[in-house]
There are 2 protein chains.
Amino acid sequence: MTSEIDEENQVLSPQGESSEDQSEQDCSECGAKGRCLREGLGEEQMQGLRKITRTLGPFKPGENIFRVEDKFKSLFVIQSGAVKIETASFEGTKLVDGFFFRGDLVGLESIGAHQYGHDAIALERTLVCELPFDHLESLCSFVPRLQRKLMIILGQKIRYTNDTIVHGRYMSAEKRLLSFLQMLCEKKIIEKSDNTGSVQLPMSKGDIASYLGLRPESLSRTLTKLQNDGIIRNQTKKIEFLDIKAILQQVCG
Amino acid sequence: MTSEIDEENQVLSPQGESSEDQSEQDCSECGAKGRCLREGLGEEQMQGLRKITRTLGPFKPGENIFRVEDKFKSLFVIQSGAVKIETASFEGTKLVDGFFFRGDLVGLESIGAHQYGHDAIALERTLVCELPFDHLESLCSFVPRLQRKLMIILGQKIRYTNDTIVHGRYMSAEKRLLSFLQMLCEKKIIEKSDNTGSVQLPMSKGDIASYLGLRPESLSRTLTKLQNDGIIRNQTKKIEFLDIKAILQQVCG
DNA sequence: CGATCAATTGAGTGTGTTCAATGTCAGTGG
DNA sequence: CCACTGACATTGAACACACTCAATTGATCG
C-alpha cells in the first residue's frame with residue numbers, strides 16, 4: 001500500500017518513455033487482450049481493475065522488471081514482449097525458472113512471500129501492466145469472478161510445472177526439447193499453414209538449456225539432431241519448423 | 001479397486017467408520033492444529049469454516065481419497081496419517097508427484113480443473129478433513145484473511161516445487177536424497193535431541209525414488225552410501241539419523 | 001511355511017556432462 | 001573497411017553418474 005513503485009531501487013518506469021496511458025489504464029489496445037486476468041469480467045467490474053493498474057516500460061532487453069529480494073508488491077501482466085525469471089542455484093550459477101509471453105502473469109511465484117524470489121528480466125522490448133497485489137486482493141473480495149480467475153491461474157501454473165518440469169525429469173533431452181518447441185508453437189507461432197512455421201527466439205540457447213535442465217552443449221547437440229532429422233531448421237535467433245506435426249505429436253512418443 | 005470409498009466414484013465417507021464428529025466439525029482435537037487453513041481466524045470466522053467441513057476416514061493404507069478424473073470438488077486437510085499423489089507418466093508407469101503429512105492440503109494441484117489430475121492414496125491410517133471448494137471459495141469472499149491464507153498456501157506450493165524439484169534436476173542423487181531427508185526431519189522428526197533421531201517411513205522406497213526422479217536401484221545405492229558414511233542407518237520402513245547436522249547442512253554442499 | 005512383492009547388490013551400458021577447441025556474430029574503434 | 005573483442009553457439013573426445021537388466025536377499029502375509 002505504500003508508495004508508488006518509485007524512488008526505490010527497481011521497477012522504475014524508464015522515464016521519458018512510459019507508454020501512452022499513464023493515469024488510468026485503457027485496456028482496449030493491450031496486447032494481452034483475450035488472455036488477461038480481466039477476461040470474463042463485466043464492464044462495471046473492469047472499472048475497479050483498471051483503476052489499480054498501470055503500464056510500465058518499455059523495458060529493454062536485459063532490464064529487470066524486479067529483482068531477487070525486492071519487496072513483493074505486484075504481479076505483472078505482459079502486454080508485449082517476453083520475460084524470463086531466474087535464480088541463483090545452490091551452486092551459484094543462474095537457473096532459468098520460467099519464460100513468460102504476452103498475456104502471462106509474472107510474480108505468482110512470490111505470492112505469500114515478503115520478497116520476490118527471482119530476477120525478472122526482459123528478453124526483448126517489453127511492456128507490462130502492473131497489478132499491485134494488495135489492491136488486487138481486496139478487489140477479489142468484491143468480485144468473486146476475479147477471485148476465482150486468480151485461483152484458476154494459480155492452479156494452472158502448478159499443473160503446468162508438474163506436467164513439464166516434474167515429468168520432464170523422465171524424458172530424454174530430445175523429448176524435453178520437443179515439448180518446449182510445442183509450447184513455443186502454441187504461444188508464438190507465426191504461420192502454421194501447411195505444416196510449417198517459424199519462431200523468433202527472444203531468449204538465448206543457454207537460457208533454454210537451463211530451463212530444460214540441460215547443459216548448453218547437450219541442447220545444441222539435440223537441436224542439430226532434430227535438424228538432421230528434418231524436423232526443424234536451427235538458426236541462432238530463430239527456429240523454423242519444417243514438420244509441425246512431428247512436434248505436436250511427440251507427446252506420447 | 002473395490003475400496004469402501006464406494007458407489008459414486010470417490011470422496012464418500014466410509015459409512016460405519018467416519019470418526020467422531022459427523023455433523024459439525026470440532027477442530028479442537030484435530031491433528032492438523034497449528035498448521036491448518038483456519039489458523040489465524042477469529043472465533044466467529046471459524047464458525048463458517050467449521051460448517052462446511054467434515055472428517056473423512058480413516059482410510060487404510062492403499063485406499064484412494066480421490067482418483068484421477070474424479071470430479072474436482074474438494075480440498076483435503078490431513079488430520080493424521082500420510083498421503084501420496086501419483087499420475088501415469090507419458091510412458092504409462094506411475095509417478096509420485098507429492099507426499100502430504102499432517103496439516104498439509106491435498107488437492108491444490110487440481111484447482112481450476114474439472115477433474116482431479118492425480119490419484120490420492122493413503123500411505124497409512126489416515127484421517128482427512130474435507131473442504132468443498134465451492135463453499136470455501138464463497139467463504140473466502142467474506143473472510144479476507146481466509147482468502148489471503150489460501151493464496152499464500154498456493155504461492156508456497158509453487159515455491160516449494162521450484163526449490164526442490166526444479167532445482168533438484170541439477171543435484172546429484174545424494175543431494176536430492178539429503179534434501180528429502182531434510183524435509184522429513186522438519187515434518188516428522190521424533191526426537192532430535194543430541195543430533196539424533198529417526199523417522200518411520202509411511203511410503204515405500206520405490207515411491208521415494210519416483211518422487212526424487214530416480215530409479216529404485218539408484219536410491220538404494222545412495223542410501224547404502226549414506227549409511228556407510230555414518231550419516232544414517234537405513235532400514236526397510238525406518239531411517240535413523242545418526243548425524244542430523246550433516247543432513248541439515250547439506251544445502252550448500 | 002511357501003508365495004509374493006519390495007529392497008538390495010552386481011555387472012555392463014548409455015545419455016548427458018565435462019573440458020577444451022573452434023566457429024559465428026554483433027559491436028567498437030582504429 | 002577491417003581487425004579486434006567478447007558473448008554465444010557448435011563440435012569433438014573422454015568421462016561419470018545414473019540407468020538397465022538380472023540375480024539375490026529380505027520382508028510380509030495369507
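Convention: sequence-line order gives letters A, B, ...; per-chain numbering from 1. Only a predicted model underlies this, so the values are computations on that prediction, with no experimental measurement involved.
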#### Entry: Side chain of K205(A) (C-beta onward), nearest among dA7(C), dC8(D), dT10(D)
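Per side-chain heavy atoms of K205(A), the pick is dT10(D).
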
### Task
Can you figure out which of dT11(D), dA6(C), dT8(C) approaches the side chain of S220(B) most closely?
dT8(C)

Send over the distance from [X] [atom1] to [N] [atom2], rounded to a whole Å.
X       : N       : atom1 : atom2 : result
M203(B) : dA7(C)  : CE    : C1'   : 16 Å
L223(B) : dA6(C)  : CG    : P     : 17 Å
L123(B) : dA6(C)  : CG    : P     : 13 Å
Q235(A) : dA26(C) : CD    : C1'   : 16 Å
L201(B) : dA27(D) : CG    : C1'   : 14 Å
K225(A) : dG16(C) : NZ    : C1'   : 14 Å
K237(B) : dT28(D) : NZ    : P     : 8 Å
Q227(A) : dA9(D)  : CD    : P     : 15 Å

### Message
Angle between the end axes of the helix from dC1(C)-dG30(D) to dG30(C)-dC1(D), five pairs per end, to the nearest 10 degrees?
### Response
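Overall, the helix from dC1(C)-dG30(D) to dG30(C)-dC1(D) bends by 30° from one end axis to the other.
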
### Mutual orientation of the aromatic rings belonging to F72(A) and Y116(A) [parallel < 30°, tilted 30-60°, perpendicular > 60°]
perpendicular

### Message
Looking only at side-chain N and O atoms, does H118(B) offer a donor or acceptor that is under 3.5 Å from a partner on T87(B)?
### Response
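Indeed, the side chains of T87(B) and H118(B) share at least one donor-acceptor pair under 3.5 Å.
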
### Phosphate-side-chain proximity, T224(A) and dT11(D), N/O vs OP1/OP2 below 4.0 Å
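Yes.
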
### Message
Does a side-chain N or O of N234(B) approach OP1 or OP2 of dA7(C) to a distance below 4.0 Å, or not?
### Response
no

Set of residues satisfying side chain to side chain contact (heavy atoms under 4.5 Å, CB included) with respect to [X], sequence neighbours excluded:
X       : result
D163(B) : none
T236(B) : none
S220(A) : none
A122(B) : F59(B), T126(B)

#### Entry: Sequence neighbours excluded - salt bridge (Lys or Arg N to Asp or Glu O under 4.0 Å) pairs with any residue from residues 202-215 of chain B
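Sorted result for residues 202-215 of chain B: K84(B)-D207(B).
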
### Selection residues 222-238 of chain A - residue pairs positive for salt bridge (Lys or Arg N to Asp or Glu O under 4.0 Å), sequence neighbours left out
E174(A)-K225(A), K225(A)-D229(A), R233(A)-E240(A)

Tabulate protein N/O versus nucleotide N/O from nucleotides 15-19 of chain D, keeping only pairs under 3.5 Å, one per line.
{"unit_1": "dA18(D)", "atom_1": "OP1", "unit_2": "A173(B)", "atom_2": "N", "d": "2.5"}
{"unit_1": "dC19(D)", "atom_1": "OP2", "unit_2": "R215(B)", "atom_2": "N", "d": "3.2"}
{"unit_1": "dC19(D)", "atom_1": "OP2", "unit_2": "S218(B)", "atom_2": "OG", "d": "2.4"}

#### Entry: Flag, side chain of R125(B) to backbone of K60(B), donor-acceptor distance under 3.5 Å
no

### Query
Residues two or more places apart in sequence or in another chain: which of them pass ring-ring contact (aromatic ring centres under 6.0 Å, His included) with F101(B)?
none

#### Entry: Residues which pass side-chain hydrogen bond (donor to acceptor under 3.5 Å, both in side chains) with S218(B), listed by chain and number, not counting sequence neighbours
none

### Task
Please identify each residue that fulfils salt bridge (charged side-chain N to carboxylate O under 4.0 Å, His left out) with D119(B), with sequence neighbours left out.
K94(B)

Write out a two-atom table: protein N or O, nucleotide N or O from nucleotides 21-25 of chain C, distance below 3.5 Å.
none

